[in-house]
Every structure is written in structure tokens, then in C-alpha cells.
Undergrad: 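First, the structure itself, so that you have it in front of you.
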Amino acid sequence: MTDVEPKLSVKRENEDTLEAADSKRARLDANGDEPSATPVGVRKHSRDQTADENGADTKRVRQTPVKTEVKSEPAAASPRKAATPKGKYAEADSDSESESNSDSDADDKKSLAARLASKAKASPKPSPKAKAAAPSSAKKAPTPKKAAKKESSDEESEESEDSSEDEDDGSDESGSDSGSDDDSDDEDAYDDEDAPKPKKPAVKKAASPKKAAASPKTKPAAGTSKKASKSADGDGAVTKKKKKADEDDEDVHKWWEEDLTAMLGDGSERWQTLSHNGVMLAPEYVALPPQAFFKYNGQKVALSLPTEELIGFYAAMLKSDYVTKDKFNENFMVELRKVMTKEEKALITDLAKCDFTVIQDYFEQQREIRKNRTKEEKAAIKAQNEELVKQYGFCLMDGRKERIANFRVEPPGLFRGRGDHPKMGMLKRRVVPEDITINCSKDSTPPAPPAGHKWKEVICNKTVTWLASWVDGISGHAKYVMLNSASKLKGLNDMKKYEKARDLKKHIKHIRRSYTEDMSSKEMAIRQRATALHFIDRLALRCGNEKDPEEQADTVGCCSLRFEHIKLEEPSTVHFDFLGKDSIRYQNSVDVEERVYKNLIIFQKNKEEGDLLFDRLTTTALNKYLTDFMPGLTAKVFRTYNASITLQEQLKLTPTDGSIHEKVLAYNRANRAVAVLCNHQRSVPKKFGEQMDKMDEKIEAVKKELNEARKVYKETKDEKKKAAVERLKARVDSLVIQKTDKDENKTIALSTAKLNYLDPRITVAWCKRYDVPVEKIYNKTQRSKFAWSMGVPTDFTF
DNA sequence: CTCTGGGACTCAGAAAGTTATGC
DNA sequence: CGCATAACTTTCTGAGTCCCAGA
């Protein structure tokens with residue numbers, strides 16, 4: 001692999017995060033992504049330092065590791081294509097237009113409903129499963145679990161089940177493997193006008209498929225053997241078309257094969273009949289055993305039950321870094337004083353004198369015990385759990401059994417806000433039946449509240465999808481119990497979301513042209529709107545609603561960017577550095593068009609830290625403006641659109657003649673590009689450093705071997721030795737790639753994009769085209785969530 | 001019409017739990 | 001083969017988006 005080289009060097013420099021960032025950039029250069037060179041270079045030096053400073057002064061930095069800073073090329077600055085915005089946009093337009101798939105072309109003018117409807121009929125669901133429901137179920141596994149279940153004899157059913165699940169045989173790997181590569185692709189692909197540029201190169205990591213043990217009815221021991229044998233042959237057969245689309249153990253309601261027009265209807269009613277067993281409340285608090293005691297100022301202190309519960313909550317968090325935060329401790333003490341008895345209050349006044357360690361140790365012990373349970377015990381607990389799921393986990397909606405996502409009411413505890421949340425450490429109080437509103441059919445039997453209690457209210461509201469709700473004590477906002485993602489209600493919405501994003505594709509050219517023009521409007525509000533939209537579109541920023549600083553962490557999105565969140569650097573570079581959703585830091589440096597740059601100078605003029613950059617713009621106004629281009633269009637659609645289109649573009653880089661393994665790698669790389677675009681991050685895994693060191697050692701060891709082998713070969717000229725040398729060399733390469741891959745994935749979270757931004761039809765169609773079993777990409781849960789997309793035609797284009 | 005607050009639903013990463021893999 | 005660890009999966013619940021009604 002050619003790319004190995006650059007990577008190697010990269011790795012070496014990777015001493016610390018900053019270095020890492022640098023090396024990444026270096027890599028970009030190396031890639032030969034031409035023009036971008038300038039910006040990249042420039043950014044390189046100044047950036048790291050400033051990043052630090054900024055981080056420091058804003059002090060909004062979350063404990064997250066420094067994000068590697070990356071530069072992204074807004075499409076506007078896209079190196080490859082067109083230099084002038086105008087040209088570029090023009091091109092883009094035409095491109096995208098022509099590209100649009102037949103479907104959309106044809107349906108261009110139709111309404112979403114019409115489109116969906118026609119799709120349902122015409123669309124092709126090549127896969128067997130897709131065809132009529134009846135036949136398919138007959139042939140493949142009897143869907144109905146009930147039926148199938150007892151019929152275990154039915155081979156087919158088993159087979160399908162298993163294979164879908166396992167398939168993985170060894171290949172799944174994906175994960176870590178070899179990866180490689182990428183150096184070049186990332187940016188390239190982005191030429192496409194449609195696709196925004198990723199902030200940094202992509203790599204892959206994989207979240208690969210693999211089985212899911214989870215499903216409720218999974219098979220116990222017996223399954224294993226079955227599985228094994230089955231998958232063996234099943235696999236082969238499946239390869240191509242993935243004949244089994246089984247997923248379901250349950251009967252799957254193939255709503256997507258029905259008349260979607262009706263479903264989209266006026267949308268006011270989401271269901272007709274609904275019955276369920278209510279929610280599962282958190283268990284009552286049970287006093288700690290005497291050996292788990294609390295000490296204050298060195299003295300053992302007996303606590304009242306409510307106090308003990310709070311103390312216990314705190315003790316359980318001793319290992320987190322919440323306890324190192326003043327706000328958390330302060331809020332906790334306030335809460336503690338609220339529940340303490342007079343005597344306790346008099347005694348316990350200083351958190352520093354509290355000793356929770358005995359309780360903490362006790363919890364630790366309990367955890368050990370739990371971990372060391374025997375097989376039988378574990379099985380018993382599992383069975384119990386399944387019982388609960390059986391009782392509370394499902395509801396009957398419009399005659400269909402649907403799985404409920406969160407039927408367990410949130411238990412009490414100390415609020416764990418993300419980032420610098422003003423309420424962290426506050427007590428999230430216990431939710432009681434009297435807090436809960438139940439939603440179900442008028443004619444159904446409402447779930448019974450626990451003895452001695454009653455629900456706050458039982459209502460029948462068919463226009464909403466929740467089964468139960470209560471008001472969260474911390475935020476004051478409602479919490480809802482809803483169906484899980486495999487349900488029709490969620491699936492339909494999901495499909496609509498992607499259809500809307502595809503619709504945007506038809507308007508994007510026009511919209512881009514409009515906001516580009518508006519960029520020079522005389523009216524400041526319009527200029528701001530144009531500039532903001534430009535960022536939302538090209539950088540996939542979130543809209544950015546207003547927030548209440550007293551109640552929530554200080555995070556921002558595009559419209560709420562403040563003066564201090566961007567720094568301008570001549571001639572035309574914008575450095576973004578702010579905390580976004582979940583206090584995830586967004587750092588990016590972008591070269592923008594002159595007009596954008598000039599606008600930003602104006603917007604910053606006469607402002608200081610704390611002032612809104614887009615002070616004349618509101619999210620409502622922005623969305624209103626967007627709606628005029630296309631009904632239902634809002635800022636968030638751009639994220640979905642850009643994410644999906646990026647995936648589609650990146651997937652074009654898949655090696656046609658590669659192994660499945662390589663193809664999966666290509667997929668993960670594309671996935672990663674999107675994650676980078678959307679700034680989906682994760683904290684560095686605890687043992688990451690250690691694991692990295694281990695890999696280093698391993699690499700060194702193999703290298704040593706390699707050198708030895710070389711020596712021997714030189715001396716003996718034995719052909720056999722030569723082969724050995726080659727083998728070792730390959731091994732080293734592979735290890736290095738693995739390590740690079742792992743490192744690049746260090747702070748990138750792939751699953752969010754996969755689950756929420758990437759149109760599954762792109763993925764499914766890709767799988768079909770490249771003969772990759774979907775199971776390699778989507779695990780069981782994901783397959784059921786995206787069941788509606790499995791029948792997509794091979795030539796589907798987003 | 002704008003502003004406010006309630007309401008409902010999507011999307012987020014971490015933690016907890018399982019399973020696969022390597023030694 | 002058994003154990004430790006790595007790699008996923010699932011669960012959990014916090015944090016956004018956006019709509020709507022009412023003043």
C-alpha cells in the first residue's frame with residue numbers, strides 16, 4: 001500500500017495530540033490534494049497554539065481531549081473544482097441535477113406522498129423478502145415467532161435467522177483492520193459539489209455487524225451449533241443477494257409495502273388504537289446493609305434513609321470526574337441539605353469531611369459479585385428480565401405488536417449534565433405514578449397503576465406517538481415513552497426524513513445561488529442569514545437555537561455563534577472554535593470566499609465577547625426562509641442531505657475487485673468521512689494509550705524479526721527465507737495500518753451518522769451492487785430499524 | 001406580527017452489558 | 001481450553017430542533 005508511507009511518518013510524530021493534529025494535516029498535504037496546500041500550510045503553525053489559548057480563555061472546553069483540528073474545505077473553497085464561487089456553484093448545479101436519479105427526476109414534481117406511494121408500488125424490491133409479504137414469510141422464516149418458534153423443525157427458518165446473525169464469520173472484522181488508506185480519498189471525493197468537505201481525512205473503523213445477542217428471543221445454547229453449521233452454507237448462498245432478510249424474529253409489519261399515501265395522510269392522527277401495560281417504575285430505595293456505612297469527620301454516622309440514598313448516589317460517582325467539579329459538589333450539597341434531618345444538617349456541613357469510601361467499596365463489591373455470578377444465576381436473571389420485557393416491552397398499536405423503546409422510567413439520581421452544566425449534581429427526583437400521564441385508546445383497558453397509586457392522568461391523544469410521559473424535574477421538560485426504532489411509526493418518520501433530504505437535492509442549486517447572492521445584500525439581516533446558511537450548508541453546522549444560560553450549558557450552533565467563536569485570519573481563513581451540542585468542541589479552519597470573509601469582518605465589528613455574531617438572525621427566520629424554497633425544509637435537513645450525499649460520493653471509491661473485507665473497509669471510511677463532517681466525536685477510550693503502546697511493541701517485535709530474517713536471507717540467499725521476509729514485511733505493514741487506523745478513529749464516533757444521517761438505501765443499494773452482505777454493515781438491530789430500506793433497487797441514488 | 005413557553009420528536013455520547021478474540 | 005481483553009451492542013437519558021398556540 002502506497003499509503004503506508006505517509007502514515008508511517010505520521011505515526012511517528014504522533015507524540016501528543018497537537019502533534020497528531022499536525023501530522024494529520026501533513027498527511028493531507030502529502031496526499032497531493034493540491035491546491036489546498038496553501039491553506040493547510042498556513043493553518044498549520046498558527047493554529048495549534050491559538051487553539052490552546054482559545055480553549056483556555058473560553059474555558060468552555062469540555063474535558064474532552066483536544067479535538068484535532070482540522071481544516072475543512074467548505075465546498076466553497078473546494079480545491080479541485082472551480083475556483084470562483086460562481087463557476088463552482090453553477091457547475092454544481094448542473095451536476096447535481098443531472099445526477100439525480102431517475103426516480104427523483106421522474107417524480108420531480110410530485111409530492112412527497114406521491115413519490116413515496118409510487119415508490120412503494122414500483123419500487124423494486126428485488127430481494128425475495130421484499131416481495132409479497134406472504135410468500136416471503138412462508139419461504140423464509142416463518143416470521144411469526146410464534147409459529148416459527150415452536151416449529152423449530154423448520155429448517156429454513158432457522159437458517160435464515162442464523163445466518164443473518166452470524167454471517168460474520170471472520171470477516172467482520174472490519175474493525176480494526178487494516179485499513180489503510182485513505183489518504184487520498186477523502187478529499188477527492190469531495191470534489192463533487194454536492195458534498196461538503198470533511199474536516200479531515202477519513203479512516204475507517206468499524207462498527208461492524210455481528211451478531212446481536214440481544215434480541216429477546218435469541219436462542220440459547222442450542223443456537224450455537226445451529227448457527228455454526230448454518231452460517232456456513234447460508235453464507236455462501238447469501239452472499240449475493242442476501243437472501244435472507246430475515247431479521248425479524250417477530251413478525252415484521254411490512255408497512256413500507258403498503259399504500260404510503262394513506263399513511264402520510266393528513267398526518268394528524270398517528271394511530272387508531274393503542275393499548276399497553278404502562279411503564280416500569282424504578283424500584284423503591286432499599287437501605288444499605290450496616291457494613292456499608294458513611295463517615296463524617298472520621299466518625300461513623302447513621303443516616304436517615306433519604307439522606308443515605310443521596311449519599312449513595314454520590315458515592316457511586318466517586319470515580320467519575322463529576323466529583324471534581326465545584327458546581328457539581330455545590331449543587332449536591334444543596335440537595336443533601338434539603339433531605340437531611342435536623343440532626344444530620346447540624347452535623348454534616350462540609351463535603352470535604354464526608355467519607356464515602358466504605359459505601360463506594362461496598363458498591364464495588366456488589367459489582368464483583370454480580371460479575372461472578374454463575375451461569376445459572378445469570379440465566380435466571382436474564383429470564384427474569386425477559387419476563388419484564390414481555391410484560392412491559394410491547395404495546396398493541398393498530399392491531400400490531402410493537403416494541404417499546406424505554407419502558408423503564410428513569411430512576412432517581414444525581415443529574416449528570418454534559419459539559420459545564422449549571423445543574424450538574426442536582427437531584428433528579430424519583431418519578432412516581434402520580435407524575436405520569438398515560439396515553440392509550442379510549443376503549444382499551446388502561447394499564448393499572450401500582451397498588452395504592454394512580455396515574456396523573458390517562459388520556460387518548462391520537463396525534464402523538466408517546467405512550468406515557470412525565471415532566472423531568474431537572475429540565476422541566478417532558479420525557480416520553482415511545483416505540484423503538486424498528487416500529488412503523490419511527491420507521492415511517494425516518495423514511496420521510498430521508499425523502500425530504502432527497503427533495504432538497506432538487507432545490508439545493510437554487511438555494512445556494514440565492515444565498516450566495518444574498519451574501520452581498522444591502523440588508524444586514526439578509527447578509528447574516530446568507531452567511532449563516534452558507535455555514536450550515538457547507539460545514540453541516542446545527543441551526544443553533546437560543547438557550548438559557550441559567551438552565552443549560554453554554555453551547556452554540558450556527559445562529560447562536562458569538563463573537564469569540566470565530567477568529568479571522570487574513571487573507572480569508574476562518575477559525576471556528578466553539579462547543580456544540582453535548583459540549584462537543586468544534587474546531588475547524590476553513591478558507592472561505594472573499595465575500596463571506598468580508599461579511600464576517602463586518603459582523604464582528606464593534607462587538608465583543610458575548611455578542612452574537614449573527615445578531616439580526618433568528619432560527620425561526622432562517623427556517624421560515626427555507627420553507628419558502630421547499631415545504632418542510634429546515635436547517636437540519638442540510639445535515640442529513642450533506643451527510644448522505646457525502647456517503648454516496650465516498651462510496652464510489654469502493655474497489656470493485658476488492659475482497660469483501662476491503663469493501664467493508666471502504667464503507668467504513670466513507671462513514672468516517674461523514675462523522676468527521678458532522679463532528680461526531682467520542683472520548684478517547686480509557687485504555688487507548690495502553691493499547692496503542694502495545695501495538696507499538698508488537699510492531700517493534702515484528703520489525704526485529706523482519707530484520708533478522710533479512711539478515712539471514714542476505715547470508716543464505718535462500719528463497720524460502722525471502723518469502724519469510726516478504727511475509728514479515730506484509731505483517732508489519734498491516735500492523736502499522738491497523739495502528740494508524742485505530743489512532744485516527746480515536747476521537748471519531750461512527751455510529752451517530754450511521755444511525756441518524758445516512759440514508760440506509762444508499763447503503764443497501766451499495767451492498768447489492770458490490771455483493772457485500774448487508775449484515776456486514778448493519779447489525780441486527782440496525783437491520784430492523786432500516787427494514788424499510790432493504791428492498792431498494794440496486795441503482796438507487798440518493 | 002413578534003415573543004414566549006409548552007410540546008413532541010430527533011439525535012448524542014457514555015455507560016453498561018455481551019460476545020468474540022487473542023494469548 | 002480458560003481467561004483477559006478487545007470489540008461491539010444495547011441501554012440510558014441528556015441535548016438539540018422545530019412547531020404551535022396564545023398574548
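Lettering of chains follows the sequences in order, A, B, ..., and the numbering in each one begins at 1. What you see is a predicted model, and the numbers here were worked out from it, not measured in a lab.
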Undergrad: Heavy atoms only, 4.0 Å cut-off, all strands: where does A/K378 land among base, sugar-phosphate and nothing?
TA: nothing

Undergrad: Please report, rounded to the nearest Å, how far the P atom of B/dA12 is from the NE2 atom of A/H680.
TA: 4 Å

Undergrad: Is A/Q552 touching bases, backbone alone, or none of the nucleic acid, heavy atoms closer than 4.0 Å?
TA: nothing

Undergrad: Quick check: on DNA chain C, is the nucleotide nearest A/K687 upstream (toward 5') of the one nearest A/T634, or the reverse? Name the residue that is more 5'.
TA: A/K687

Undergrad: Taking CH2 from A/W470 and C1' from B/dA8, how many angstroms apart are they, rounded to a whole number?
TA: 14 Å

Undergrad: Take atom NZ of A/K382 and atom C1' of C/dT9, then tell me their distance rounded to the nearest Å.
TA: 13 Å

Undergrad: Check every strand shown and say whether A/G417 touches a base, only sugar-phosphate, or nothing at a heavy-atom separation below 4.0 Å.
TA: sugar-phosphate

Undergrad: Give a yes/no answer on whether the side chain of A/Y757 brings an N or O atom under 4.0 Å of OP1 or OP2 in B/dT10.
TA: no

Undergrad: Does a nitrogen or oxygen in the side chain of A/K497 sit under 4.0 Å from OP1 or OP2 of B/dC11?
TA: yes

Undergrad: For A/D582 and C/dG14, give me the distance from atom CG to atom P, rounded to whole Å.
TA: 11 Å

Undergrad: Send over the distance from A/I536 CD1 to C/dC18 P, rounded to a whole Å.
TA: 8 Å

Undergrad: Mark yes or no: A/R783 above the aromatic ring of A/Y778, with NZ or CZ under 6.0 Å from the six-membered ring centre and no more than 45 degrees from the axis.
TA: no

Undergrad: Confirm from the modelled atom types if A/K636 and C/dC18 form a donor-acceptor pair under 3.5 Å, side chain to base only.
TA: no

Undergrad: If you restrict it to nitrogen or oxygen atoms, what contacts under 3.5 Å exist between nucleotides 2-6 of chain B and the protein, and what is each distance?
TA:
none

Undergrad: Checking all strands, does A/N545 fall into the base, sugar-phosphate, or nothing category for heavy-atom contacts under 4.0 angstrom?
TA: base

Undergrad: Would you say A/T465 reaches B/dC9's phosphate, i.e. side-chain N/O to OP1/OP2 under 4.0 Å?
TA: yes

Undergrad: Considering only side-chain heavy atoms of A/N779, which listed nucleotide, B/dA8, C/dT9, C/dC18, is closest?
TA: C/dT9

Undergrad: Which part of the nucleic acid does A/D494 contact within heavy-atom distance under 4.0 Å: base, sugar-phosphate only, or nothing?
TA: nothing

Undergrad: Answer yes or no: does a side-chain N or O of A/T752 lie under 4.0 Å from OP1 or OP2 of B/dG13?
TA: yes

Undergrad: In this structure, are over 12 heavy atoms from other groups packed under 6.0 Å from A/K378 atom NZ?
TA: yes

Undergrad: OP1 or OP2 of C/dC12 sitting under 4.0 Å from any side-chain N/O of A/N406?
TA: no

Undergrad: I want to confirm an ordering. Mapping A/N385 and A/N756 to their closest nucleotides on DNA chain B, which one lands closer to the 5' end?
TA: A/N756

Undergrad: Quick test of your reading of the model: are A/K497 and A/D494 salt-bridged, counting only N-O distances below 4.0 Å?
TA: yes

Undergrad: For B/dG7, take OP1 and OP2 only and decide whether either is under 4.0 Å from a side-chain N or O of A/S469.
TA: no

Undergrad: OP1, OP2 of B/dG7 versus side-chain N and O of A/K479: anything below 4.0 Å?
TA: no

Undergrad: By a strict heavy-atom criterion of less than 4.0 Å, which residues belonging to residues 407-415 of chain A are in contact with DNA chain C?
TA: A/R408, A/E410, A/P411, A/F415

Undergrad: At under 4.0 Å between heavy atoms, what does A/R639 touch on the DNA or RNA strands: base, sugar-phosphate, or nothing?
TA: sugar-phosphate

Undergrad: Any ion pair linking A/K624 and A/D628 (charged N to carboxylate O, less than 4.0 Å)?
TA: yes

Undergrad: Map A/Y480 and A/A749 onto DNA chain B by nearest heavy atom, then report which one ends up closer to the 5' terminus.
TA: A/Y480

Undergrad: Rounded to the Å, how far apart are A/F363 CZ and B/dA15 C1'?
TA: 17 Å

Undergrad: Judged by atom type as modelled, is there a donor-acceptor pair below 3.5 Å linking the side chain of A/Q360 to the main-chain atoms of A/A315?
TA: no

Undergrad: Would you mind classifying the nucleic acid contact of A/A553 as base, sugar-phosphate or nothing, using non-hydrogen atoms under 4.0 angstrom?
TA: nothing

Undergrad: The side chain of A/C543 is closest to which nucleotide in this list: C/dC18, C/dT9, B/dG13?
TA: C/dC18

Undergrad: Partners of A/R429 by side-chain contact (heavy atoms from CB on, under 4.5 Å), sequence neighbours excluded?
TA: A/D435

Undergrad: Compute the ring centroids of A/F394 and A/F407, then answer whether they are less than 6.0 Å apart.
TA: no

Undergrad: Using the ring centroid of each side chain, check whether A/H680 and A/Y757 are separated by less than 6.0 Å.
TA: yes

Undergrad: Less than 4.0 angstrom from a charged side-chain N to a carboxylate O is my criterion; do A/D554 and A/R562 meet it?
TA: yes

Undergrad: Write down the distance between CG (A/L579) and P (B/dG13), rounded to a whole number of angstrom.
TA: 13 Å

Undergrad: Measure from the side chain of A/N461, starting at C-beta and using heavy atoms only, and say which of C/dT13, B/dA8, C/dT10 lies closest.
TA: B/dA8

Undergrad: Describe the nucleic acid contact of A/G476 in one word from base, sugar-phosphate, nothing, applying a heavy-atom distance below 4.0 Å.
TA: nothing

Undergrad: Compare the minimum distances between each of C/dG14, B/dC9, C/dT17 and the side chain of A/R542, then state the nucleotide with the smallest one.
TA: C/dT17

Undergrad: When you get a sec, tell me which of B/dA8, C/dT13, B/dC23 is the closest nucleotide to the side chain of A/R418?
TA: C/dT13

Undergrad: State whether A/D472 and A/K428 are salt-bridged, where the test is any N-O pair (Lys NZ or Arg NE/NH1/NH2 against Asp/Glu carboxylate O) under 4.0 Å.
TA: no

Undergrad: How about A/F415 and A/H421: are their ring centroids closer than 6.0 Å?
TA: yes

Undergrad: At their closest point, which heavy atom of A/L274 faces which heavy atom of A/C395, and how far apart are they?
TA: CD1-SG, 3.9 Å

Undergrad: Between A/N493 (CG) and B/dT10 (C1'), how many Å, whole number?
TA: 9 Å

